[in-house]
Protein chains: 2
Amino acid sequence: MKTVLQEFKAITKPTLLLDKTKCLANIERMVSKAKRHQLQFRPHFKTHQSLEIGEWFKAYGVDKIAVSSLSMADYFSKEWNDITVAFPTNILEIETINRLASQITLNLTIENTESLNYLKTHLRHKVNVFVQIDVGYGRTGISTENTAYIDSILTIVDSCPLMEFIGFLTHSGHTYSCKTKSCIENIQNQSLKLINNLQNKYSNRYRNLIISLGDTPSCSISEEFYGVDEIRPGNFVFYDLMQQQIGSNAIEDIAVAMACPVVAKHKNRSEIVIYGGGIHFSKDRLIENGTTIYGKVVERTKTGWGKVLANTFVKSLSQEHGIVKVPPIDFDKYTIGDVIIILPVHSCMTVDVMKSYLTTEGEQISTLFTL
Amino acid sequence: MKTVLQEFKAITKPTLLLDKTKCLANIERMVSKAKRHQLQFRPHFKTHQSLEIGEWFKAYGVDKIAVSSLSMADYFSKEWNDITVAFPTNILEIETINRLASQITLNLTIENTESLNYLKTHLRHKVNVFVQIDVGYGRTGISTENTAYIDSILTIVDSCPLMEFIGFLTHSGHTYSCKTKSCIENIQNQSLKLINNLQNKYSNRYRNLIISLGDTPSCSISEEFYGVDEIRPGNFVFYDLMQQQIGSNAIEDIAVAMACPVVAKHKNRSEIVIYGGGIHFSKDRLIENGTTIYGKVVERTKTGWGKVLANTFVKSLSQEHGIVKVPPIDFDKYTIGDVIIILPVHSCMTVDVMKSYLTTEGEQISTLFTL
């Protein structure tokens, strides 16, 4: 453990660090996998939410993206011409929809006739339509069995010259409750079976039908993509402890970490108090062997961070306080004024609350939310 | 349930509503309580984080505040001249400390000799020092039994002309795990006993010693403040479902709520999908009769919101999605494009992620984080 300000001299408060080398390796790995399986790669940008990081994808030939809100589509439309809003269309934002549709290829996600009927009378520019299909997660989308409803949706889309049906979109979010490779593979196989049935039913009528599938665990682990045309993983760009627990990545692949000042120490309970709380990490947590964990402390290196320090983790978070449990043998290595580095549980949420990055090379990177 | 855009016409995406009338009543109640017990009232502004809402306190004669970071002190120093940073002093922010200390009465919180020794050699302007005492919460502070360590801290403070010891500061955060009034009263009584012992020991040496106590449950419920000079509650300004579960407030006192568009409906499971997820509510949750709840839906009224709708609650949150469980009998009352109103579990965290308010009178209110 280094002493006060020996490195990262600019860091005086909770800071989200980004290891660009790890991040580029994560991007490259997914680009290669998509190529190997002849899949269109449409990364979900809800995780990093940054135009600058988006540029890193362009270097790999990526030219289509997914986002999870029209606000995010708006932000990325400055530099991206083909954007899927992978979220049930919010008709209240019709003005943004019309503006974006006049500027870029805008792909909306539809799962009900109500929003379609609204769009039919309010659209002023052409949009593409993905129909959201539920392959078992049970959050959003239409069941593959409910083809009568899918048909009624397609009838409306086909009747509107400003809408073009381009495919089915699924998100197997139930992989997030997996802890083994075979659990994820089973879900992927089940999803493929359901979605291929649907494709068989509709592929004669819609020749260029796209099957778009997206969740980081499946895209990271599965080698089975039969019938899939496009993948939309998001979290893989950084990964995190939650994904590592699921099995999507090695701990070394995690590309973001929080740097937090040590502000107090309590030897009797072998705890250190950091400036870094729920407003910096978010409150997402994971359970490991019965212990609740909000982050894991890693070794500091000259160029960033190294391995996880055994049994050294964030055990609780208040608004601004984090309590770090430390093995008694290591307690005296920590000094008030140290900056320690912590891997986050859920990088998407941590990025969202932190709003900007500092790369391990010292570069500031902004997001949609940067002040 | 009103239909699309009938009211709140400006609302097209997740919006944090603020009922100013309820908020002013909460402020007034706490002001009166402080007066009744002859307590200095130093509200904690970490909950609302807004200069404009701060003005509402000034109208009640409040002229001293507490905050939980130097960034927040910096923001509020534009309008407030006496600020306590109720967080262990982060010595890495010495520049901000010196700048603020040159401008306002800055009260720092100290709980270790390391940070004091650093301040002693780096302070350029006078600060006041509160010593943080742990009365049983076990997060931060020095045990009341450890008077030897308290003495060593006071010796350093007294030796430095730029530091003045002004009192002891405690936070009984363990009241947050209470579910009954007597639980909170027991904690308060225990805290008072400990802190009064300390006061007796030091009051001869320090004639104007301030005992500062702060947590919303104790300040809301207890009528026992013997030996206390100052209270620093924060959350009371808005309250929330968590505080209501603890017993700090009635559900009608909750002064903030989220307005979220309905984007999808699933009748088979009687769930509606809202645009409003973890990045809008935060991921704080409560357990009620074994059910995890991320928010409760309230009736919409012409001027804001009314009573809680029975068995209608947010059951899960993803990044942007919220899933609302609705009684089957009410399901058809909800329409795609409706805006529904939801009481948050933890208002401090919701404010922090939402970054600004819309009052039920239509006024935009900014915070420290407003873009």
Side-chain angles (χ1 to χ4, degrees), chain A residues 4-5 11-13 46-47 68-71 87-96 111-112 114-115 118 132 134 138-141 143 173 261 263-266 268-269 271 273 275 277-279 282-285 316 318-321 323 335-337 339 346 348-349 352-353 355 369-371, chain B residues 4-5 11-13 46-47 68-71 87-96 111-112 114-115 118 132 134 138-141 143 173 261 263-266 268-269 271 273 275 277-279 282-285 316 318-321 323 335-337 339 346 348-349 352-353 355 369-371:
Chain A
V4 184
L5 296 179
I11 296 177
T12 61
K13 40 185 152 175
K46 79 185 176 81
T47 304
S68 52
S69 68
L70 284 156
S71 302
F87 186 87
T89 298
N90 175 23
I91 58 173
L92 299 183
E93 291 180 275
I94 186 67
E95 282 182 29
T96 309
E111 62 161 274
N112 52 68
E114 292 93 325
S115 52
Y118 184 90
Q132 173 124 29
D134 184 5
R139 182 178 70 177
T140 50
S143 162
V263 295
K265 297 173 65 183
H266 292 276
N268 60 332
R269 44 187 191 262
E271 288 175 1
V273 182
Y275 176 18
I279 66 166
S282 96
K283 287 280 186 88
D284 265 322
R285 67 214 188 288
S316 63
S318 314
Q319 181 165 337
E320 320 258 353
H321 300 77
I323 307 296
T335 309
I336 306 284
V339 169
H346 189 175
C348 309
M349 294 294 292
D352 192 81
V353 288
K355 308 177 192 80
F369 301 108
T370 302
L371 293 172
Chain B
V4 184
L5 297 177
I11 296 177
T12 60
K13 41 186 155 177
K46 81 184 174 85
T47 304
S68 52
S69 68
L70 284 156
S71 302
F87 186 87
T89 299
N90 176 23
I91 57 172
L92 299 184
E93 292 180 274
I94 186 67
E95 282 182 28
T96 309
E111 62 162 276
N112 52 67
E114 292 94 323
S115 53
Y118 184 90
Q132 172 123 32
D134 183 6
R139 183 178 68 176
T140 50
S143 161
V263 293
K265 296 173 64 182
H266 291 277
N268 60 332
R269 46 186 189 262
E271 289 175 1
V273 182
Y275 176 19
I279 66 166
S282 96
K283 287 280 187 89
D284 265 322
R285 67 212 188 289
S316 64
S318 313
Q319 182 165 337
E320 321 259 354
H321 300 76
I323 307 296
T335 308
I336 306 285
V339 168
H346 189 176
C348 309
M349 293 295 290
D352 192 83
V353 287
K355 309 177 190 82
F369 301 107
T370 300
L371 293 172

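So that the names make sense, note that chain A is the first sequence line, chain B the second, and so on, each numbered from 1.
- Both the backbone and the side chain of A/S68 have a heavy atom closer than 4.5 Å to some heavy atom of chain B.
- When each of A/K265, A/E271, A/E114, A/Q319 is scored by its heavy-atom pairs under 4.5 Å with chain B, the top score falls to A/Q319.
- One N or O on the side chain of B/R269 and one on the backbone of A/G138 form a donor-acceptor pair closer than 3.5 Å.
- Nearest heavy atoms, B/K355 versus A/F369: NZ-CD2, 4.0 Å.
- Contact between B/Y275 and A/F87 at its shortest, heavy atoms only, is CA-CZ, 3.7 Å.
- With a 4.5 Å cut-off on side-chain heavy atoms, A/R139 and B/I323 count as touching.
- We find the OG1-CG distance between B/T12 and A/N90 to be 7.0 Å, quoted to the nearest 0.5 Å.
- Residue A/E111 touches chain B through its side chain alone, counting heavy-atom pairs closer than 4.5 Å.
- When all heavy atoms are compared, the tightest approach of B/G337 to A/L92 is O-CD2, 3.3 Å.
- Interface check for chain A: of the options B/S69, B/C348, B/S282, B/S115, the most heavy-atom pairs under 4.5 Å are formed by B/S69.
- Between the side chain of B/N112 and the backbone N or O of A/H266, no donor-acceptor pair lies under 3.5 Å.
- Contacts between A/H321 and chain B at a heavy-atom distance below 4.5 Å involve backbone atoms as well as side-chain atoms.
- B/M349 contributes atom CE, which lies 4.5 Å from atom NZ of A/K283 (distance to the nearest 0.5 angstrom).
- The contact between A/D134 and chain B is made entirely by side chain atoms (from C-beta outward), counting heavy-atom distances below 4.5 Å.
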